[in-house]
K.L.:
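After the structure tokens below, expect a handful of questions from me.
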Amino acid sequence: MENNSGENIVLSVIIPITERHDPVKELFHEYKKGLDATGLSYEIIYVLDGAQPAAMEELSQLRNTENIIIITLAKWFGEATALNAGFSESSGQLILTLPAYQQVDSEAIPALVSAIQDNDMVVARRWPRKDAFFNRLQLHIFNFFLRSFTDLDIHDAGCSARIFKRRVIEEVHIYGDLYRFLPIMAHRQGFRIT
């Protein structure tokens, strides 16, 4: 598939918008800086999980000046369904999922993209964490157990900023809350994860 300029899409960026999201236009421009710095042709796909009137209004305004794709689900289905809708619409050989709230610095996007060269999936790590102490403790314990029970050395399985090659999502299917475990499921299928 080609974008409006006739350029082949290399990177599909999927941003599911659920109940929790930051101002859409502000975050879009932040992410766009990081995406432009990759030098790759890309498409941005927003998936609204159910009625999100405030987000839809901002996206409609963005669509007047930016080349974005908007998918609206008829009702709330959850993040896995929203991601799957985005995967179905995407055309790039690389897929980058980003949260609809400030979780990663846009300057880290080019590093994520370059790290995919020798891997099938790259999961970002939020560091330093700015959560409440109890949240950090819970995530530390969770990630410790993941590393203990799998041979996957992962430090932040809950981070929504992930890039992977299309064949990963073609072979690993997610539903329910399993999108959180996509790196572990992909690893079990033999994909290289970092």
Side-chain angles (χ1 to χ4, degrees), residues 1-3 5 7-16 27-28 30-47 69 79-80 82-129 136 139-140 142-175 177-194:
M1 186 172 178
E2 296 182 342
N3 64 13
S5 66
E7 193 174 13
N8 286 328
I9 300 295
V10 175
L11 178 65
S12 292
V13 182
I14 301 170
I15 305 172
L27 195 57
F28 169 83
E30 182 67 23
Y31 283 156
K32 191 172 189 306
K33 284 189 281 186
L35 292 166
D36 288 343
T38 68
L40 299 177
S41 60
Y42 62 86
E43 62 185 355
I44 299 177
I45 303 169
Y46 283 94
V47 184
I69 298 168
E79 194 159 336
L83 286 169
N84 280 322
F87 298 153
S88 295
E89 186 68 27
S90 67
S91 58
Q93 287 305 304
L94 297 175
I95 298 172
L96 172 65
T97 61
L98 291 172
Y101 46 87
Q102 188 64 52
Q103 187 180 62
V104 294
D105 189 336
S106 65
E107 293 176 4
I109 291 174
L112 270 174
V113 171
S114 79
I116 195 69
Q117 301 307 317
D118 299 323
N119 297 287
D120 296 306
M121 175 183 272
V122 178
V123 181
R125 180 181 185 189
R126 297 167 285 181
W127 187 261
R129 294 297 301 259
R136 288 188 311 232
L139 289 169
H140 179 72
F142 173 73
N143 287 303
F144 172 78
F145 279 113
L146 282 180
R147 287 192 305 274
S148 299
F149 292 111
T150 68
D151 59 346
L152 181 60
D153 186 22
I154 197 163
H155 296 280
D156 193 358
C159 185
S160 300
R162 303 169 177 172
I163 186 170
F164 43 92
K165 295 177 178 169
R166 177 167 292 282
R167 66 177 183 262
V168 171
I169 206 61
E170 288 172 349
E171 293 186 33
V172 181
H173 304 286
I174 58 171
Y175 53 90
D177 281 339
L178 289 180
Y179 70 90
R180 299 176 194 276
F181 299 99
L182 181 59
I184 293 126
M185 294 163 60
H187 178 67
R188 286 191 173 173
Q189 290 282 97
F191 290 108
R192 294 180 312 273
I193 316 296
T194 190

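Heads up: numbering here begins at 1 and tracks the sequence. Since we're looking at a predicted model, the values are computed, not measured.
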K.L.:
Quick one: side-chain contact (heavy atoms from CB on, under 4.5 Å) partners of L27, sequence neighbours excluded?
P.N.:
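Partners of L27 under the side-chain contact (heavy atoms from CB on, under 4.5 Å) test: Y31, Q102.
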K.L.:
Considering non-hydrogen atoms only, spot the tightest contact between A82 and P16 and give its length.
P.N.:
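Smallest interatomic distance, heavy atoms only, reads CB-CB, 3.9 Å.
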K.L.:
Would you give the length of the straight line joining atom CZ of R188 to atom CZ of F181, rounded to the nearest 0.5 angstrom?
P.N.:
10.5 Å
K.L.:
Any side-chain to backbone donor/acceptor pair from S41 onto V10? Under 3.5 Å, distance only.
P.N.:
yes
K.L.:
Considering only residues two or more places apart or on different chains, which pairs with a residue in residues 99-117 satisfy salt bridge (Lys or Arg N to Asp or Glu O under 4.0 Å)?
P.N.:
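Found none.
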K.L.:
F191: what forms a ring pair (Phe, Tyr, Trp, His ring centres under 6.0 Å) with it, not counting sequence neighbours?
P.N.:
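Counting only residues at least two positions away or on another chain, F191 forms no ring pair (Phe, Tyr, Trp, His ring centres under 6.0 Å).
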K.L.:
From M121 CE over to H187 NE2, what is the distance, rounded to the nearest 0.5 angstrom?
P.N.:
12.0 Å
K.L.:
Measuring from H173:NE2 to L182:CG, what's the distance to the nearest 0.5 Å?
P.N.:
11.5 Å
K.L.:
Would you say I163 and L11 make side-chain contact, with heavy atoms under 4.5 Å?
P.N.:
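SC-SC contact between I163 and L11 confirmed.
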K.L.:
Out of the candidates I69, L35, L98, only one should pair with I44 under the side chain to side chain contact (heavy atoms under 4.5 Å, CB included) rule; please name it.
P.N.:
L35
K.L.:
Within a strict 4.5 Å, meaning less than it, do heavy atoms of the L83 and I169 side chains meet?
P.N.:
no
K.L.:
Which residue pairs satisfy the side-chain hydrogen bond (donor to acceptor under 3.5 Å, both in side chains) criterion with at least one member in residues 112-124, sequence neighbours excluded?
P.N.:
D120-R167
K.L.:
Please give me the minimum heavy-atom distance between I9 and S91, naming the atom from each residue.
P.N.:
CB-OG, 3.7 Å
K.L.:
Counting N and O atoms only, with roles assigned by atom type, does the side chain of R166 sit under 3.5 Å from a partner on the main chain of G92, one being a donor and the other an acceptor?
P.N.:
yes
K.L.:
Any side-chain heavy atom of T97 sitting closer than 4.5 Å to one from Y179?
P.N.:
no
K.L.:
Take F164 and V123 through the test side-chain contact (heavy atoms from CB on, under 4.5 Å) and record every step on the way to the result.
P.N.:
CA-CA 9 Å; F164 43 92; V123 181; over 6 Å; no
K.L.:
Please identify each residue that fulfils ring pair (Phe, Tyr, Trp, His ring centres under 6.0 Å) with Y46, with sequence neighbours left out.
P.N.:
none
K.L.:
Working to the nearest 0.5 Å, report the span between CD1 of I174 and CZ of F87.
P.N.:
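One finds 4.5 Å between CD1 of I174 and CZ of F87.
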K.L.:
I need the I109 CD1 to L40 CG distance, nearest 0.5 Å.
P.N.:
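That separation rounds to 11.5 Å.
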K.L.:
Less than 4.5 Å apart, side chain to side chain, heavy atoms only: is that true for E89 and V47?
P.N.:
no
K.L.:
Do you know the tightest heavy-atom contact between S160 and Q103?
P.N.:
N-OE1, 3.0 Å
K.L.:
How long is the straight-line distance from CZ of R162 back to CD1 of I193, given to the nearest 0.5 Å?
P.N.:
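I193 atom CD1 to R162 atom CZ measures 10.0 Å (nearest 0.5 Å).
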K.L.:
Which atoms form the tightest heavy-atom contact between A161 and P99, and what is the distance?
P.N.:
N-CD, 4.3 Å
K.L.:
With sequence neighbours excluded, tell me which residues meet salt bridge (Lys or Arg N to Asp or Glu O under 4.0 Å) with K165.
P.N.:
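K165 satisfies salt bridge (Lys or Arg N to Asp or Glu O under 4.0 Å) with no other residue.
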